Amino acid sequence: ARACAQARVAVISPFVGRVKDWWDARACAPELSPSSPSPVHPHPGLALLHTIRVAFDAHGHTAHTAVMAAGFRAADEVVQAAAARPDFVTLQVALLQALSAREGVNVGAGAGAGSEFVNNGDVASAESEPRYVVRGDGEGGMGSADEEAQAEALFVRDLEEERIAVEKVPEGLAKFAVDAERLENLLREKIRMRIE
């Protein structure tokens, strides 16, 4: 998320349900004790969303990179996600219906009951943000070859420490590619039928 924001990507989209699924699958792994607590409490996907918001606010990324939360599995996740203030959310129709059936729920109103997050203290100060992208526009340095090599090495090192990114990002991109091809084929067929 930080690298995307530093590169001025317009939108990032953390999939909170997929993050939780990934951590849940590892909580039962043989190398972890079944009684040990989850590495992030209470909901790893919502905690990630909150950590991204705190980092974006602390480092001024909110002006150019929006956070679009996605991949919700339950209406309660959507309500709790409001505490992290995503700029946008994408929801399945079933979740929209579940939310509209609730009384007194205003998703944009902020934290609801049970909205507790891990506050990762290292995101609070601007000095602590790693520089993954060196821009030639005066932000992040002049963009010398040495600075770019250092930024890339830091990014690769940190990425390798984040197993979830190494595993889930390529998987997600592959699924998006399959869905995009399916959509393109559907549109081609619809256009062909109109022409004939």
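Numbers here simply count residues along the sequence, with the first being 1. In what follows, every heavy atom counts, from backbone to side chain, and hydrogens, waters and symmetry copies are set aside. Keep in mind it's a predicted model, so treat the numbers as computed, not measured.
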Test: R102 and D76 ion pair at under 4.0 Å: yes
Does a sphere of radius 6.0 Å around [atom1] in [X] hold more than 12 heavy atoms from other residues, nucleotides or ligands, not counting ones at 6.0 Å or beyond?
X: E162; atom1: CD; result: no
X: R192; atom1: CZ; result: yes
X: E181; atom1: CD; result: no

**Asked** Got a sec, which pairs hit salt bridge (charged side-chain N to carboxylate O under 4.0 Å, His left out) with one end in residues 44-72, sequence neighbours left out?
**Response**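 For residues 44-72: R53-D57, R53-D87, D57-R85.
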Side-chain H-bond candidate by donor/acceptor type, H43 with Q80, under 3.5 Å: no
With side chain to side chain contact (heavy atoms under 4.5 Å, CB included) as the criterion, how do V166 and R163 come out once you've worked through the C-alpha distance, each side chain's angles and the decisive distance to 0.1 Å?
CA-CA 5 Å; V166 172; R163 295 306 316 159; 3.3 Å; yes
If I compare all heavy atoms of [X] with all of [Y], which pair ends up nearest, and what's the gap?
X: A74; Y: L95; value: C-CD2, 3.5 Å
X: A66; Y: F88; value: CB-CE1, 3.8 Å
X: F72; Y: T90; value: CD1-O, 3.8 Å

Would you check if the side chain of [X] reaches a backbone N or O of [Y] as a donor-acceptor pair within less than 3.5 Å?
X: S13; Y: A69; value: no
X: S100; Y: Q97; value: yes
X: Q6; Y: V133; value: yes

Mind checking whether H64 and H61 have parallel, tilted or perpendicular rings, split at 30° and 60°?
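The rings of H64 and H61 stand perpendicular, inter-plane angle above 60°.
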- Task: Consider only side-chain heavy atoms of I, L, V, M, F, W and Y, link residues closer than 4.5 Å, and tell whether V16 and V89 are in one cluster.
- Result: yes
With sequence neighbours left out, the residues meeting salt bridge (charged side-chain N to carboxylate O under 4.0 Å, His left out) with D179 are R182
Check your understanding: What's the verdict on salt bridge (Lys or Arg N to Asp or Glu O under 4.0 Å) for R18 and E171, showing C-alpha distance, side-chain angles and the deciding distance?
Key -> CA-CA 11 Å; R18 297 184 107 220; E171 177 186 312; 2.7 Å; yes
